[in-house]
Asker: 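Before anything else, here's the structure in question.
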Amino acid sequence: MPEYAGASKSSGKPERTPDPAQERAICHADGPAQVFAGPGSGKTYVTVHRIRHLITRLGVEPSHILVITFTKAAALEMQERFFGLMEPERPPVHFGTFHAVFYHILRQSPQYRDYSIIKESERRKLFRQIIRMHKRFACVQEEDLNEVIACADACRRTVSGPEARTLSLQKLGAEDIAFLNREYEAYLREFRQTDFDGIVCLCLALLREHPEILAAWRERFRYILIDEFQDISPDQYEIMRLLAAPRDNLFIVGDDDQSIYGFRGASPDSMQDFMRDYPQAERIFLDVNYRCGAAIVDAAGRVIAENRNRIDKHIRAAKEEGTCRLVLSGSEEEQERYLLGALREKNRDGQLAQCALICRTNYGCALWAQKLRGQGIAYVMKEAPKNPYEHFVVRDLMAYLALADGQMERRHFFRIMNRPVRYLKRESFPEERVSREEVLAAYRETPTLQESVRRLFRDLDNLRGKRLSLQIHYIRRVIGYDVYLRDKYGAEKAGELTGIAEDFQTLSARFASYREMEDYVRQCGEAVGGECAAESAKRKEREEKGLQLMTMHAAKGLEFDTVYLPDCQEGKVPYVRSKREAQIEEERRMFYVAMTRAKRELCITAYQSKSGKDKPSRFLTCLRQPSSPPSTSSSNSAASRYSSKASATASYSSSSSM
């Protein structure tokens, strides 16, 4: 049995004794093993101590050990923690990501020695070039490029099914995407290049087709340890199985409840697949959460228990202190006031840097970034910040509003002249400033198009004099912009896009004029751009003192004293495009991951409008106390409940019934 008492050589802090489940995992010898590691259960601790055990107790040659994680940062962190245990020695254990290891295997083979990885900017440029070269892609516009590339990537993966081949652009089908991929892959082969998905496919083909190469790598990597196994794709898993055979010294650590990368081909089924493929494997449950307080563990457990496709497990909390609060407001504005008030209080207490505000999407983060800036609350976004008003839906609506305001520049007409479709041509707007008479004259020979022009200008006339929110309502409902989105992108994608239009319409009610809103949007764009000022003194100060603002995906693997989960509404959590049961379950896993980032305090907020249009997420139903009577007032002092004395058990407060 290994000895763990004493001080860590890297930190000087005493090494804690592993619990019985952790000790079983650390001391596992040969053959396959499957470790179910719940949130905060010490999986990295177990992995690095197991590597030390293999070397110091079982006499395994360090160069025969391969440790795989999903990100470079995680690989470096695990390597440093391992070296800290082994100082002053630095045994030559191999640490790396899937792609780094697979690319290394490719570069060591004569078939792919001269291959390089295409840069992302060049990759986008190549897809754009192929789309512009072929008439079959005429319906694809610049704002569609990201979605087209994402769909093409999904279809190139050997495991993708019909769901991955669904594209919301109605005029593109599976044959179009297949053609696009053939052109793209032909270019890569010609110039001896690959992309990240290609690395996996090429490595799998290499090992399958060249037994001598496979045998050499099997001899090299006799013990394989994989972290975050629930995020593995089927092709990556197949490569690991090939490398591990016939010894099958495959030690995998994961949690099906934290599988949130379905768009990469990952599935919670990977943990069950391992059980099927290795029925002889030792199975160990790390079921003690050392991170979160009992109230948070209890609430998160109730949420994830609603999923059907999961391996049943019961997670226990190692510590009792901590609170979980559910705050339901009567409006979005009330939720905003409450959260900003709570954050200001944290700022006054000097606790803001230990807090995180976690949103479902990057768009949601950008909206909250503006609200935080408006209140002077410092924040940090690790992800590249995006300006929510650069979204094409907002730009379309802004163009209409600018024209209604009398800004008759040609660029605004170019943006909206065929949204909805009117069959107008750019050459019918010859001057920088558009004249109604000139455009009508351009279509004097085609009465049908001339009538379309008249209707367009009548609509612009009708917009003038209305409040901004009513103008946007008119654009969407009367002019037919929402119908245009549905016709072009399909009902599923249109739900997301009209949601963005709805958010912008709500925002517009705050402004007295278009010029006032235009100034606000411009300032937001400048502020977002300013966030990228590298290594500036302000940036360093924000990182030291600011709130952490991020998406649920980006939060994975992190932890904070206090976590706020805002906007937990239907359509946002779960995301509006998630319709099938498998998608809803992944959304619930994402919410579970976000909840379990909190160590001491978790605050979940949502709002319910009187009209019933805005409804709290279905994920929150299991968190409400059945005995709590609904409040008669939507403004029922949620803030005072929030600041009440913390308890060791869950405390769910609401200001309106669900």
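Quick note: residue numbers are just sequence positions, from 1.
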Asker: Between Glu282 and Gln34, does the side chain to side chain contact (heavy atoms under 4.5 Å, CB included) criterion hold? Intermediate values first, please.
Answerer: CA-CA 6 Å; Glu282 183 174 6; Gln34 181 177 34; over 6 Å; no

Asker: For Tyr45, is the NZ or CZ atom of Arg50 found under 6.0 angstrom from the centre of its six-membered ring and inside 45 degrees of the ring axis?
Answerer: no

Asker: Got Phe591 and Ile604 here, is their nearest side-chain heavy-atom distance under 4.5 Å?
Answerer: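 In contact.
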
Asker: Can you confirm whether more than 12 heavy atoms, excluding those of Glu89, are under 6.0 Å from its CD atom?
Answerer: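 Count not over threshold, so no.
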
Asker: Under a 4.0 Å N-O cut-off, is there an ion pair linking Asp255 with Lys43?
Answerer: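 Not counted as a salt bridge, because no side-chain N and carboxylate O are separated by less than 4.0 Å.
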
Asker: Heavy atoms only: give me the nearest Val35-Ala25 pair and the separation to one decimal.
Answerer: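 In terms of heavy atoms, the two residues are closest at CG2-CB, 4.0 Å.
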
Asker: Who passes side chain to side chain donor-acceptor pair (under 3.5 Å) against Arg90, sequence neighbours left out?
Answerer: none

Asker: Charged N to carboxylate O under 4.0 angstrom, Glu228 versus Lys556?
Answerer: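 Between Lys556 and Glu228 there is a salt bridge, with a charged N closer than 4.0 Å to a carboxylate O.
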
Asker: Calculate, to the nearest 0.5 Å, the distance between atoms CD1 and CD1 belonging to Ile26 and Ile51 respectively.
Answerer: 11.0 Å

Asker: May I ask you to check whether over 12 heavy atoms, not counting those of Tyr363, lie within 6.0 Å of atom OH?
Answerer: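 Yes, enclosed.
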
Asker: Ring centres under 6.0 Å, that's the criterion: do Phe70 and Phe98 meet it?
Answerer: yes

Asker: Work out which heavy atom in Ser259 is nearest to a heavy atom in Glu586; give both atom names and the distance.
Answerer: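 That closest heavy-atom pairing would be O-CG, 4.0 Å.
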
Asker: As a quick check of understanding, evaluate side chain to side chain contact (heavy atoms under 4.5 Å, CB included) for Arg360 and Tyr575, giving each step before the final call.
Answerer: CA-CA 8 Å; Arg360 171 61 183 86; Tyr575 195 47; 3.9 Å; yes

Asker: Are the aromatic ring centres of Trp217 and His104 under 6.0 angstrom apart?
Answerer: yes

Asker: To the nearest 0.5 Å, how far apart are CZ in Arg247 and CG in Asp30?
Answerer: 10.0 Å

Asker: Please report whether the ring centroid of Phe82 lies less than 6.0 Å from that of His49.
Answerer: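 Not under 6.0 Å, so no.
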
Asker: Is Arg24 paired with Asp19 through a side-chain N to carboxylate O contact shorter than 4.0 Å?
Answerer: no

Asker: Work out which heavy atom in Leu352 is nearest to a heavy atom in Leu343; give both atom names and the distance.
Answerer: CD1-O, 3.8 Å

Asker: Is the closest side-chain heavy-atom distance between Asp195 and Tyr184 below 4.5 Å?
Answerer: yes

Asker: Where is the tightest heavy-atom contact between Gly322 and Ala295, given as atom of each residue plus distance?
Answerer: O-CB, 3.7 Å

Asker: Test Glu601 against every option in Gln354, Arg325, Lys346 by the side-chain hydrogen bond (donor to acceptor under 3.5 Å, both in side chains) rule and name the one that passes.
Answerer: Lys346

Asker: Measure the shortest side-chain to side-chain distance between Val253 and Leu225 over non-hydrogen atoms and say whether it is less than 4.5 angstrom.
Answerer: no

Asker: Hey, are the side chains of Tyr223 and Leu250 touching, using non-hydrogen atoms and a 4.5 Å cut-off?
Answerer: no

Asker: For His94, enumerate each residue passing the ring-ring contact (aromatic ring centres under 6.0 Å, His included) test, keeping only those at least two apart in sequence or located in another chain.
Answerer: Phe221

Asker: Just verifying a value: how many Å separate Met240 CE and Ile226 CD1, rounded to the nearest 0.5 Å?
Answerer: 5.5 Å

Asker: Do Leu207 and Arg218 have side chains that get closer than 4.5 Å, going by heavy atoms?
Answerer: no

Asker: Show your working on side chain to side chain contact (heavy atoms under 4.5 Å, CB included) between Met552 and Val593 and close with a plain yes or no.
Answerer: CA-CA 7 Å; Met552 291 181 179; Val593 166; over 6 Å; no

Asker: Report the C-alpha separation of Thr361 and Thr551 in whole Å, then their side-chain angles, then the decisive distance to 0.1 Å, and conclude whether the side chain to side chain contact (heavy atoms under 4.5 Å, CB included) test is met.
Answerer: CA-CA 6 Å; Thr361 64; Thr551 65; 5.6 Å; no

Asker: Is there a side-chain contact between Ile68 and Thr97, using heavy atoms and a 4.5 Å cut-off?
Answerer: no

Asker: With a 4.5 Å cut-off on side-chain heavy atoms, are Ile239 and Val200 touching?
Answerer: yes

Asker: Report the distance from atom CD of Glu321 to atom SG of Cys292, rounding to the nearest 0.5 Å.
Answerer: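 Rounded to the nearest 0.5 Å, the CD-SG separation comes out at 11.0 Å.
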
Asker: Looking at Gln230, Arg588, Arg310, Arg589, which hits side-chain hydrogen bond (donor to acceptor under 3.5 Å, both in side chains) with Asp257?
Answerer: Arg310

Asker: Does any non-hydrogen side-chain atom of Tyr379 lie less than 4.5 Å from one of Met381?
Answerer: yes

Asker: Tyr237: which residues meet the ring-ring contact (aromatic ring centres under 6.0 Å, His included) condition with it, sequence neighbours left out?
Answerer: Phe229

Asker: Ion pair present between Glu559 and Arg597, side-chain N to carboxylate O less than 4.0 angstrom?
Answerer: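 Here Glu559 does not pair with Arg597 in a salt bridge, since their nearest N and O are not under 4.0 Å apart.
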
